[in-house]
Amino acid sequence: MNNRFFRLSIWTCTLVLMVMLQAACSTKGDDPRPDTQPPDEQPGPAILKEKAAFGMGAAIKTAHLTELAYANTVKNHFSQVTAEWEMKMELIWSSASGYNWNNADRIVDFASDNGLEVHGHTLVWYKSFPGWFKNAAYDSIAFEDHVKSYIQTTVGRYKGRVKSWDVANEIFNDNGTLRSTDCPVFATFKDPIGFYGRCFEYAHEADPEARLFYNDYSVVLASAKRSAIKRMVSRFKNEGIPIHGIGDQFHYRVTTDKSTIKNGLTDMASTGLLIHLSELDIIVNVLQSESYAFTQAEAQKQADMYRFIVESYESLPDNQKFAITTWGVTDKYTWLTDYWHAKEYPLLFDQNYQEKEAYRGFLAGLKND
Ligand code: XIL
């Protein structure tokens, strides 16, 4: 190597080093972030199931599980599932002695393949009694025998795999009276609450580990209904009937009164039982208008409501927080499209499975510790 070449190489290396040093310094100089952020500004987990200290549930349908984005959203963001339709009596109980487990099994298998828990919904709901059963000329004894065998067969089949069940759904009216169902035999029960209590016992016998819930809508809004539920819970506790939790469906709206929600939740929790927000979705198109547009401002209103609900739930005693379940996964598929008869955008993910403002509102409502 001649001298001139050697000097040139040294000079080139020095120049490269200087340029690199300067680049490093100027990047640092332009970057306003300190090296480490103070603890309270550290971003927490950005995924619901990772941040939530309780179950993060979604109601699912098998028909959608073949859609990759749907299945992935459930797996990535949620820790438990509820069958939106396929574990109801009408779907499973095809005749007095015939059961169709196909779809219910698929839900439970999907959950166990992906490390998700299953909340069973629902064992006794007047709206899902199969036609053959509702119309059979049973007296109250035969009716109850059949219900017992349905409960024990179903809970027994999924023993240890379905960790919790809604044993009874929607038995009260908002004014606290017992709902008169379109099933005539109900009118002949001398003590209908006693019948529901025995349904909890039948479920418990079939799977003593399963946590058993009473589920209804407007529990936090309708104080007379809530009082009736609380009276039933006290009676069950006095009689040693195994009831572990209460679910309020939470099909509410962006306009639902916030202080009523908060007070109602606190009152529900005074039972000491587990609390499940079991079918959460938030209606935005409250006027059911054909020309409704889901604008950024509307998305923000919805996010604020989600955040408020989650914060209110978080303020309950930790040992009573069972789960929050959204009634669906994506705005692409929501039961409200059929039921509400207006275009709706009630869930946490949009039609393309993107996180909505609602998702961010939910996340912001979760406690950080
Ligand atoms: C709804 C489902 O979302 C629909 O897909 C089905 O057609 C009817 O039932 N309260 C309940 C849920 O407890 O079981 C209902 O689910 C919604 C109202």
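In each ligand, atom 1 is the first atom listed, and ligand 1 is the first ligand listed. The first residue in the sequence is number 1, and the count goes up from there. Quick caveat: nothing in here was measured; it's all calculated off a predicted structure.
- A salt bridge links R161 and D109; the closest N-O separation between the charged side-chain nitrogens and carboxylate oxygens is under 4.0 Å.
- Relative orientation of the Y99 and Y150 rings is parallel, given thresholds of 30° and 60° on the angle between their planes.
- Seen from the ring of Y126, K134 does not count as a face-on cation partner, given the 6.0 Å and 45° thresholds.
- At a 4.0 Å cut-off, not a single heavy atom of Y217 sits close enough to ligand 1 to count as contact.
- Closest to atom 17 (C) of ligand 1 among all protein heavy atoms lies W335 CZ3, 3.5 Å.
- Of all protein heavy atoms, the one closest to atom 2 (C) of ligand 1 is E84 OE2, 3.5 Å.
- A heavy-atom separation below 4.0 Å is found between K88 and ligand 1.
- In this structure, atom 13 (O) of ligand 1 lies nearest to the protein heavy atom E279 OE2, 2.8 Å.
- Y313 places a side-chain N or O within donor-acceptor distance of the main-chain N or O of A323, the cut-off being under 3.5 Å.
- Less than 4.0 angstrom separates some heavy atom of Q249 from each of these atoms of ligand 1: 10 (N), 11 (C), 13 (O), 18 (C).
- A cation-pi arrangement, defined by a distance under 6.0 Å to the six-membered ring centre and an angle within 45 degrees of its axis, is absent between K321 and F54.
- Listed by number with element, the atoms of ligand 1 under 4.0 Å from a non-hydrogen atom of W85 are 6 (C), 8 (C), 9 (O).
- Taking the side chain as every heavy atom from C-beta outward, Y333 and L347 never approach each other to under 4.5 Å.
- For ligand 1, the atoms sitting less than 4.0 Å from at least one non-hydrogen atom of K61 are 5 (O), numbered in the order shown with element in parentheses.
- Taking every non-hydrogen atom of H121 and a distance limit under 4.0 Å, the qualifying atoms of ligand 1 come out as 11 (C), 12 (C), 13 (O), 14 (O).
- Heavy-atom separations between Y339 and ligand 1 are all 4.0 Å or longer.
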